[in-house]
Structures are given as structure tokens and as C-alpha cells.
Amino acid sequence: MRRRDLLRTATATAVAGAAGMPTLDTVTFASDAGAPAMTRTVSGRLPAGAPDYVYLPVEVPPGVREIAVAYTYDRPAVPAGTQGNACDIGIFDERGTALGGAGFRGWSGGARTEFAISAERATPGYLPGPVRPGTWHVVLGPYTVAPQGLAYEVTVTLRYGTAPSGATPRPVYPPQRARGRVRAWYRGDNHLHSVHSDGKRTPAEIAAAARAAGLDWITTTEHNTTSAHAAWEGLWGDDLLILTGEEVTTRNGHVVALGTDPGTFVDWRYRARDGAFGRFARRIRQAGGLVVPAHPYATCVGCSWKFGYEDADAVEVWNGPYTPDDEVAIAAWDAMLVASVRGGTGTSSQSGRWLPAMGNSDAHREPQPVGMPQTVVLADDLSREALQAGIRSGRSWIAESSAVQLSFEVVGGGRGAHAGIGERLRVAADAEATARLKVSGVPADCTASFVTDQGRLFTAPVRAGVIEWRTTPAYAAYVRAEVRRPAADGGASGVPGPMVAMTNPVFLGEK
């Protein structure tokens with residue numbers, strides 16, 4: 001039978017469904033095709049204001065060895081300042097589409113126009129495994145829709161027969177501890193993308209770039225998929241720990257699930273108004289991960305963080321090369337610090353809780369540098385558990401690159417009392433305390449500042465060597481350090497220059 005005889009075009013313009021799951025008409029195939037493959041094509045139009053996700057059911061009969069999907073959509077011209085069409089795609093298998101992802105088999109967002117899944121292999125972003133009979137669902141995610149609507153076409157091909165082996169490879173995951181490492185400051189980049197989502201680098205290229213950048217560990221965090229977790233075999237070593245995770249990419253912000261158990265999938269199909277985020281934050285923690293809101297003030301569609309910080313373990317305040325949205329993120333983070341120490345009403349004020357800051361590259365492709373910035377963590381060894389403990393407690397600082405070296409502490413109260421980054425110097429409210437910063441590996445024209453809950457109180461050139469400033473807990477409830485380049489306008493606007501390094505705070509006082 002010729003392919004054109006197997007092609008059927010169905011038009012689906014109406015979106016219907018129940019339980020918040022808009023569903024198109026079901027695509028069916030013969031159980032005995034009498035040919036190696038059979039193809040169906042569905043076309044339709046989604047209106048402006050379409051649901052976040054639209055499901056195309058596909059009835060998969062017995063005897064299928066591979067399912068392949070391709071899609072296209074139109075991109076009509078739109079007025080300046082108006083969003084055009086952008087549509088993501090993924091798939092769930094016969095286990096269903098219920099929130100939580102039991103049937104999840106892959107997601108490529110808008111990075112690919114086609115994918116295939118079989119027992120033996122799958123397109124990056126998708127999970128290999130048997131193509132079992134039942135109702136599968138192709139997921140369309142109309143990210144933005146033009147005023148004219150979004151015309152789409154989805155082509156589903158089933159290939160029949162038995163694969164040569166028919167066996168799904170057993171995944172090989174990275175170890176969670178590097179041997180022979182002791183208590184030290186370790187450098188990591190915990191927000192990275194490869195060809196398994198919308199990145200252009202392979203895992204091998206990322207591992208090589210991480211080593212070249214002087215990193216001790218990285219975390220793989222693809223958008224809404226875990227397919228990269230098993231893609232690092234042969235790339236780790238005692239010099240480079242590779243943790244697994246996910247960038248959970250919702251329509252109301254992105255969150256890095258940092259260091260989750262290999263193979264753990266975290267769903268993304270909800271908004272802040274749905275009240276579901278707490279459930280999935282717990283899912284991340286139950287899988288051994290940290291909850292880290294990513295680039296909370298980024299300007300990309302859907303990137304601005306809307307879920308609040310009650311469920312966060314840390315926050316990514318510096319994402320990639322330093323930009324104004326990072327400046328806003330740091331200012332907002334600092335406001336939460338003030339609330340935590342002064343009894344305000346901010347999220348971090350609950351029981352004195354404060355939220356540590358971290359920075360990551362979010363590198364996708366050349367020439368975006370891996371490790372710019374990087375989080376430097378004090379950990380008992382190079383392991384998932386120890387690194388996460390350091391991040392969670394704020395024993396960390398952020399550097400533009402591995403060339404930057406920094407030490408920061410506050411001493412005072414007599415008898416050699418001192419506290420490092422993320423710690424508390426427990427001295428009386430009127431006791432003198434000295435903040436002490438030493439920096440190297442930064443441009444000579446940089447300045448260093450001490451920032452407290454009262455604002456930026458002291459600035460000095462880094463060429464001054466060890467920089468010191470004296471205060472008391474009564475005046476400054478915490479002190480943190482920043483190192484910056486000169487402002488582009490020489491400081492006339494009052495906006496500081498780009499960040500080179502910054503620390504989490506040292507807290508002062510007996511509280």
C-alpha cells in the first residue's frame with residue numbers, strides 16, 4: 001500500500017475536554033496495518049487565549065515498535081509589541097496525562113519539530129521504552145498565540161513490527177559522590193542545558209567546558225524532561241561530579257530542581273493560581289533535591305516568578321552574564337534578608353528564616369560560557385549531600401569565574417570569636433565586630449562593598465588588599481560583601497556596576 005493511501009487529514013478547530021484538560025478528536029490506527037508504517041495528519045487552529053496545553057489522543061494498537069511525531073505551525077506577522085505564535089510539544093504514553101507525570105515520555109518544548117520513541121532509543125528530550133498499546137497523548141503547548149490564532153499540523157507515524165533487540169537500555173546514572181575529596185570550597189554550575197532540551201551542546205561538550213572553567217561539579221537541568229540523566233556515562237570522574245535535576249518550566253516561572261534522584265520527573269503543567277506548586281516542591285525534596293527559583297525577574301515570556309518563596313531552599317539571583325534583571329533580583333533578595341532579621345512581613349521573616357542566594361550560567365550554546373557565574377560552596381566533601389547542605393545553609397558565594405578568589409569573615413567579641421559566610425557571630429549588641437574581605441583574581445579597577453540591612457555602608461578599591469570595616473550588631477544585623485566593576489556612567493545615576501563576586505551574609509548578634 002502506498003503512503004498516500006495511508007494518509008488521512010482531520011481538521012480539529014474546537015477544543016473540548018474535562019477536568020481542565022482540553023482534548024482534540026482521537027487519532028486511530030489499524031491494528032494490522034499490512035504495511036511497515038501508517039501515518040495520520042491532524043490540522044486545526046487554536047484561538048488567541050488558548051489553554052496552556054492541548055492534548056491530541058492517539059490510539060496505539062498492539063504490534064507497534066516506534067511512534068514518531070512531527071509538527072508545524074504558522075507564524076503570521078504581528079504588530080510591534082505583540083507576541084507571535086510559539087508552540088511547544090511533548091508526549092504522554094498509555095499510562096495517562098494526570099498531573100504528576102506517570103505517563104510522561106518526553107518534552108522538547110519548541111526546540112524540535114519532530115521526535116521518535118521506541119524501546120531501544122528515543123530522540124533527545126524523550127525516554128526510550130516499549131510502545132505499548134493504549135491511548136497516548138501528544139501535548140501541544142501554545143506558549144504564545146498571535147491575534148490571528150495558531151494554525152497547526154501534527155503528523156503521527158506508527159512503525160510496526162519487532163525491533164532487532166526490542167530491549168530498552170538500562171540507564172547508567174552518575175554517582176553522587178566523588179572519591180578522595182575533603183572539606184573545601186567547591187565550585188559548581190547548577191543550571192545548564194544540552195541537546196536534550198533547547199541547548200546546542202552535547203553532554204560531552206558541557207563536561208569538557210566545565211572542566212575548562214575550573215568547576216568541581218555541575219547539575220544537568222533540562223526543561224521539563226529527565227532524558228539527559230542517563231546521558232553522561234564516561235563523562236564524570238573524581239575531578240567532576242555530575243548531579244541530576246530539571247528546570248521545571250511553568251508559565252509562571254522556572255524552578256531548578258537541584259540534585260534530585262536520577263530519573264525523577266517533576267511536572268510543570270500548572271500556574272500559581274492553581275495552588276499546586278507546594279505539592280511539586282515537596283516532590284523535589286522527597287527526591288533529594290533543592291527547590292531553587294531561577295532568574296525570578298527575567299524578561300522572557302513565562303519567566304517571571306509568581307509562586308512566592310515559602311517553598312524555596314535558595315534563589316538564583318545571578319543568571320548568566322550580569323544584566324539589569326539580576327540587579328533587581330539581588331535587590332529583592334536583600335529586601336527579604338532585611339525582613340528576616342528585622343521582623344518584617346516578608347517571606348523570609350518566618351521564624352527568622354532566610355533564603356540563600358546562588359548563581360548559575362544557564363548556558364545553552366556557544367559562546368555562552370559554562371561557569372559564568374558559578375556558586376562556590378563550603379562542603380565536607382564533593383557529594384550531593386554535602387553540597388546541598390552547604391547551599392541550604394548559605395555557606396556559599398558567587399563568582400564570575402574560577403579566577404576569582406575570595407575570603408570573607410566577621411570577627412569580634414574577644415577570645416577570637418569569628419563567623420564565616422552563612423554563619424552567625426554571636427556577640428552582644430554593642431560589641432565591636434570587624435568585617436574582613438580579601439579578594440584576588442579580579443580586575444584592578446573593581447571596588448568592594450559591605451552591604452547590611454541598613455544599606456551599602458562601606459566601599460573601597462580592591463587594590464587596598466584586605467578590606468576591613470567595623471560595626472556592631474545593634475547597627476548591622478548582617479554584613480555581606482560585593483565586588484563590582486565600575487559603573488558605565490561613572491556612578492552618576494547611582495546604579496552600581498556589574499557584579500564580579502558576591503557573598504551570602506554573615507549575621508551578627510546573639511539572636
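Computation of the quantities below employed the complete heavy-atom set of this structure, encompassing side-chain atoms and omitting hydrogens, waters and symmetry-equivalent molecules.
- A salt bridge links Asp261 with Arg384: the closest approach of a Lys/Arg side-chain nitrogen to an acidic carboxylate oxygen falls below 4.0 angstrom.
- Here Arg183 pairs with Asp380 in a salt bridge; the nearest charged N to carboxylate O distance falls below 4.0 Å.
- By the 6.0 Å contact criterion, CD on Gln405 is enclosed, its count of non-hydrogen atoms from other residues, nucleotides or ligands being greater than 12.
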Exercise. Run the side chain to side chain donor-acceptor pair (under 3.5 Å) check on Asp326 and Asn319 step by step: do they pass?
Worked result: CA-CA 7 Å; Asp326 298 313; Asn319 175 278; over 6 Å; no
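- Taking the centre and axis of the six-membered ring of Phe277, the NZ or CZ atom of Arg271 falls outside the cone set by 45° and 6.0 Å.
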For a quick test of your reading: what N or O donor-acceptor pairs under 3.5 Å do the side chains of residues 367-376 make, sequence neighbours left out?
| from | atom 1 | to | atom 2 | distance (Å) |
| --- | --- | --- | --- | --- |
| Gln368 | OE1 | His364 | N | 2.6 |
| Gln368 | OE1 | Arg365 | N | 3.4 |
| Gln374 | OE1 | Arg187 | NH1 | 2.9 |
| Gln374 | NE2 | Gly371 | O | 2.9 |
| Thr375 | OG1 | Gly359 | N | 3.0 |
| Thr375 | OG1 | Gly359 | O | 2.7 |

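- Side-chain contact between Leu192 and Thr220 is absent, with no heavy atoms from C-beta onward closer than 4.5 Å.
- Taking the side chain as every heavy atom from C-beta outward, Cys87 and Tyr152 never approach each other to under 4.5 Å.
- For the pair Thr219 and Ile242, the minimum side-chain heavy-atom distance is 4.5 Å or more.
- Between Phe104 and Phe92, the angle of the ring planes goes over 60°, which puts this pair in the perpendicular group of the 30/60° scheme.
- For the pair Tyr173/Trp232, no side-chain contact is recorded, criterion being any heavy-atom separation below 4.5 Å from C-beta on.
- Using modelled atom types, one side-chain atom of Arg269 and one backbone atom of Ala98 make a donor-acceptor pair closer than 3.5 Å.
- Side-chain polar atoms of Thr250 and Asn252 form no donor-acceptor pair below 3.5 angstrom.
- At a threshold of 4.0 Å, the pair Asp334-Arg480 counts as salt-bridged, since one of the basic side-chain nitrogens sits closer than that to a carboxylate oxygen.
- His137 and Thr97 share no side-chain donor-acceptor pair at under 3.5 Å.
- In this structure His229 satisfies the ring-ring contact (aromatic ring centres under 6.0 Å, His included) test with no other residue, sequence neighbours excluded.
- A salt bridge between Glu482 and Arg456 is present, with a side-chain N of the basic residue lying under 4.0 Å from a carboxylate O of the acidic one.
- Between Tyr309 and Trp305, the ring planes are tilted. Angles from 30° to 60° get that label.
- Looking at Thr244, its side chain does come within 3.5 Å of a backbone N or O of Thr260 through a donor-acceptor pair.
- In this structure, Leu508 and Arg424 have side chains that are not in contact, with every pair of non-hydrogen atoms separated by 4.5 Å or more.
- Ring geometry for His193 against His223 counts as parallel: the plane angle stays under 30°, on a 0 to 90° scale with 60° as the upper cut.
- A salt bridge between Asp445 and Arg463 is absent, with no side-chain N of the basic residue lying under 4.0 Å from a carboxylate O of the acidic one.
- Taking 4.5 Å as the limit, every side-chain heavy atom of Leu437 sits out of range of all side-chain heavy atoms of Trp469.
- A salt bridge links Glu366 to Arg201: one of the charged nitrogens lies within less than 4.0 Å of a carboxylate oxygen.
- The closest side-chain donor-acceptor pair between Glu247 and His191 falls under 3.5 angstrom.
- Donor-acceptor pairing under 3.5 Å is recorded for the side chains of Tyr53 and Trp268.
- Residues that satisfy the disulfide (SG to SG under 2.5 Å) test with Cys303, not counting sequence neighbours, are Cys300.
- Between Pro203 and Ile206, the closest side-chain pair of non-hydrogen atoms is not below 4.5 Å.
- Side-chain contact between Phe450 and Val410: absent, with no pair of heavy atoms (C-beta onward) separated by less than 4.5 Å.
- Of the charged side-chain nitrogens involved, at least one lies within less than 4.0 Å of a carboxylate oxygen, so that Arg484 and Glu327 count as a salt-bridged pair.
- Under the 3.5 Å distance criterion, the side-chain polar atoms of Ser227 are left unmatched by any main-chain donor or acceptor of Leu127.
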